[in-house]
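Throughout, a chain's letter reflects where its sequence line sits, starting with A, and its residues are numbered from 1.
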Amino acid sequence: MSNTNIRVRFAPSPTGPLHIGGVRTALYNYLFAKKNGGKMILRIEDTDSNRFVPGAEAYIIEALTWLGIRFDEGIANGAATCRQSERKPIYRKYVDQLLQDGHAYIAFDTPEELEAKRQSTPNFQYDARTRGDMVNSLTLSKEEVQTRLDRGDNYVVRILIEPGRDITVDDLIRGQVTINSNILDDKVLYKSADNLPTYHLANIVDDHLMEISHVIRGEEWLPSAPLHVLLYRYLGWEDSMPRFAHLPLLLKPEGNGKLSKRDGDRLGFPVFPLDWTDPKTGEKSSGYREAGYFPEAVVNFLALLGWHATDDKEFFTMDELIREFSLDRVSKSGAKFDYEKGKWFNHQYLMNKSAEELYPHVQHILEEHGVDAPKQQVLTAIDLTKGRCTFVADFWEHMHFFFVAPQTYDEKTRQKRWKEDSPREMRELYTVLEGIDDFSIEHSEQTVMAWINAQGYHTGNIMNAFRLCIVGEGKGPHMFDITSLIGKEETLRRLKKAIETLS
RNA sequence: GGCGCAUUCGUCUAGGGGUCUAGGACGCCGCCCUCUCACGGCGGAAACCCGGGUUCGAAUCCCGGUUGCGCUACCA
């Protein structure tokens, strides 16, 4: 399917690291675009110079690249100006047009004056009821306005909302949403202090100029969508207005509210794709990548938080998501963030990877622990233990005994598994093992089992004590998988030492 | 407070008038496998927010309420 008219954008603000909810928005935009053969555009909405954070833009691009979300146009591939701060003249033109057409006006009220007004007037709103009491081009004489402009007074341009009109937004996910313009205030569109538009104006102008066909964004924008519709109308662009789709929000795992940065810190899981250090405060936040997640697992997990396929399928590659994604299968209600399920997804992806794929990661971990083992041995160890790992970092905990003899013996396991007869049985086992030439899994198991049966021993007693001797604790793969991998010599050495230490 | 959106197991969700004694997944519990821990298999507990309608029939449609969330900035 190909439709070159489909164009979506992801338009984050560079005010900090990209939140995981933002990542999901980017993902849904990407899936929708690719599904329909359309284009995905990156636009940086840096119209608030006060909140700009250095490094945030690079972070956003790196994070989405890591996850496999690619842009067709935008800064990520060196295209022209997609930073709003670099498009000042463009916005100015439309501000003038709005002013000209009487859809906007100039206001001189200072932030302090507005604040005072809000303090003194309950539920103060700058609108048709109150604008007549304020300092603006509607209440001031033409000359006075000019005088103020000439002497360089700071001003803002506000949209002129006509009261008493019903405004309807057609949302692809929620259907028709209608509000009355009475509840809208005369939003600031433009500020002379930095010659920048605010979000609302810049957003509409850019979406129009970039020929965006679908605006897919978080539900927090739904209340201002009518304002945006009005802006399209006032600018004469209503006919080519994009379709809207407001996505449900990602909520805190417990309690109430939108998922926030603090939740990650408090509950101990990342809410960001990548690690991030705040340039001002030095505060660190952890990311999924550094926590050991596979990007495919994060994408899969995130895709299912608010969207569901037509069947019960749960595992999707990016290509499969693209093939099956559709906006009408996006849920309407917010999704609580379930970190346990996220871990489960990673576990599944890890188990499905081959030892060869996992090898570089594991090799790195082994090196950190000063282990230098033959590749084949490591590959076998990976296959034997990957079912026990959620993250790559878990491998050491589950495979260290393949490479390093136990220094201590777990006390709980010892109490449970080291019986009165164990020293004698282990000494006998030592002799049995010593006599085995072929230390393969099959042969050693056969020999030892034959001995156990001949002596009338209890298999569990023998094997568990044996495990304590070789592993140092009560877990791990089957014993002969371990012994055959570490070899006869090492097995005997560990057994001997354990008998001496534990007896 | 005002406005808007939402409301199915603890969580993510399927469901779009009869097929629902409501399905799947995570988590939880039990059993099996078994030398342990896992993996795997099998099974279990667990939900239609409430009240009115409409209809022969409602989880599904309508209205009201509850509760949750969002917005209400010269932030996005």
Side-chain angles (χ1 to χ4, degrees), chain A residues 11-15 22 45-48 50-51 107 109-111 114-115 118 122-123 125-126 154-158 169 171 173-175 177-180 182-185 187-194 196-200 202-203 217-226 246 248-249 251-254 256-258 301 304-314 329 331-345 347 351 384-389 398 413 416-417 445 448-449 452 458-468 471 473-480:
Chain A
S13 267
T15 54
E45 309 224 325
D46 52 351
T47 52
D48 185 357
N50 299 318
R51 295 211 310 156
D109 316 274
T110 65
L114 288 170
E115 184 50 36
R118 289 195 183 94
N123 300 323
Q125 182 169 288
Y126 209 121
N154 269 343
Y155 66 90
V156 298
V157 175
R158 287 180 180 273
V169 178
D171 188 276
I173 294 172
R174 286 152 217 286
V177 178
T178 302
I179 63 107
N180 192 281
N182 286 340
I183 63 132
L184 257 27
D185 63 339
K187 275 271 175 308
V188 169
L189 262 20
Y190 188 86
K191 44 218 186 327
S192 70
D194 52 10
L196 278 169
T198 59
Y199 169 85
H200 303 289
N203 191 265
R217 70 216 320 184
E219 194 186 352
E220 69 267 28
W221 292 111
L222 191 54
S224 51
H246 289 94
L249 264 17
L251 273 17
K252 295 174 192 289
E254 39 98 270
N256 313 317
K258 209 160 48 150
F301 169 52
L304 258 26
L305 237 38
W307 172 84
H308 194 277
T310 46
D311 53 19
D312 287 329
K313 185 174 169 180
E314 284 213 291
R329 294 198 64 79
S331 355
K332 292 183 175 69
S333 50
K336 284 190 180 177
F337 194 83
D338 184 2
Y339 188 60
E340 285 305 317
K341 188 137 187 183
K343 289 205 290 197
W344 177 79
F345 265 110
H347 180 219
M351 281 195 299
L384 288 171
T385 53
K386 66 180 184 180
R388 295 169 175 76
C389 301
H398 294 289
T413 312
K416 195 172 174 189
R417 306 297 190 190
E445 174 162 23
V448 170
M449 289 312 288
I452 289 173
H458 180 73
T459 309
N461 285 350
I462 301 296
M463 297 308 291
N464 285 319
F466 187 26
R467 176 177 300 279
L468 177 63
V471 174
E473 49 190 319
K475 64 175 193 187
H478 279 222
M479 279 313 295
F480 298 103

Relative to the 5' end of RNA chain B, which residue comes earlier, A:Asp48 or A:Gly476, by the nucleotide with the nearest heavy atom? A:Gly476
Say we look at B:A46 and B:C29: how far apart would their C1' atoms be, to the nearest angstrom? 11 Å
When you match A:Trp344 and A:Asn154 each to their closest nucleotide on RNA chain B, which lands nearer the 5' end? A:Trp344
Measure from the side-chain N and O atoms of A:Asp48 to the backbone N and O of A:Thr198, and report whether any donor-acceptor pair falls under 3.5 Å. no
Hey, is A:Asp185 close enough to A:Lys187 for a salt bridge, meaning N to O under 4.0 Å? yes
Could you tell me whether the phosphate oxygens of B:C74, OP1 or OP2, come under 4.0 Å of any side-chain nitrogen or oxygen in A:Arg158? yes
Under 4.0 Å between a side-chain N or O of A:Thr47 and OP1 or OP2 of B:A76? yes
Assign a letter to each nucleotide of nucleotides 5-12 of chain B from its 5' end: B, base within under 4.0 Å of a protein heavy atom; S, sugar-phosphate only; -, no contact. SSS---BS
Between A:Glu314 and A:Lys341, is there a salt bridge with N-O shorter than 4.0 Å? yes
Sugar-phosphate only, base, or nothing, as touched by A:Asp109 at under 4.0 Å among non-hydrogen atoms: base
Strictly below 4.0 Å, N to O, side chains only: are A:Arg174 and A:Glu219 in salt-bridge contact? yes
Quote, to the nearest angstrom, the C1' distance that separates B:A58 from B:G18. 9 Å
Any side-chain heavy-atom pair of A:Val188 and A:Tyr126 under 4.5 Å: no
Please check if the number of heavy atoms outside A:Lys191 that lie under 6.0 Å from its NZ is greater than 12. yes
Take atom C1' in B:G10 and the same atom in B:G68, then report the distance between them in whole Å. 16 Å
Using the C1' atom in both, what is the distance from B:C31 to B:G16, to the nearest Å? 39 Å
By the 4.0 Å heavy-atom rule, please label A:His308 as base, sugar-phosphate, or nothing. sugar-phosphate
B:C63 versus B:C28 - spacing of their P atoms, nearest Å: 42 Å
Distance check, C1' atoms only: B:U7 and B:G70, in whole angstrom units. 15 Å
OP1 or OP2 of B:G15 versus the side-chain N and O atoms of A:Arg329: is any pair under 4.0 Å? yes
Distance check, C1' atoms only: B:G24 and B:U8, in whole angstrom units. 13 Å
Would you mind classifying the nucleic acid contact of A:Leu114 as base, sugar-phosphate or nothing, using non-hydrogen atoms under 4.0 angstrom? base
B:A47 and B:A22: how far apart are their P atoms, nearest whole angstrom? 10 Å
Atom NZ of A:Lys416: over 12 foreign heavy atoms under 6.0 Å: no
Base, sugar-phosphate alone, or nothing: which one does A:Pro477 contact when heavy atoms must sit under 4.0 Å apart? base
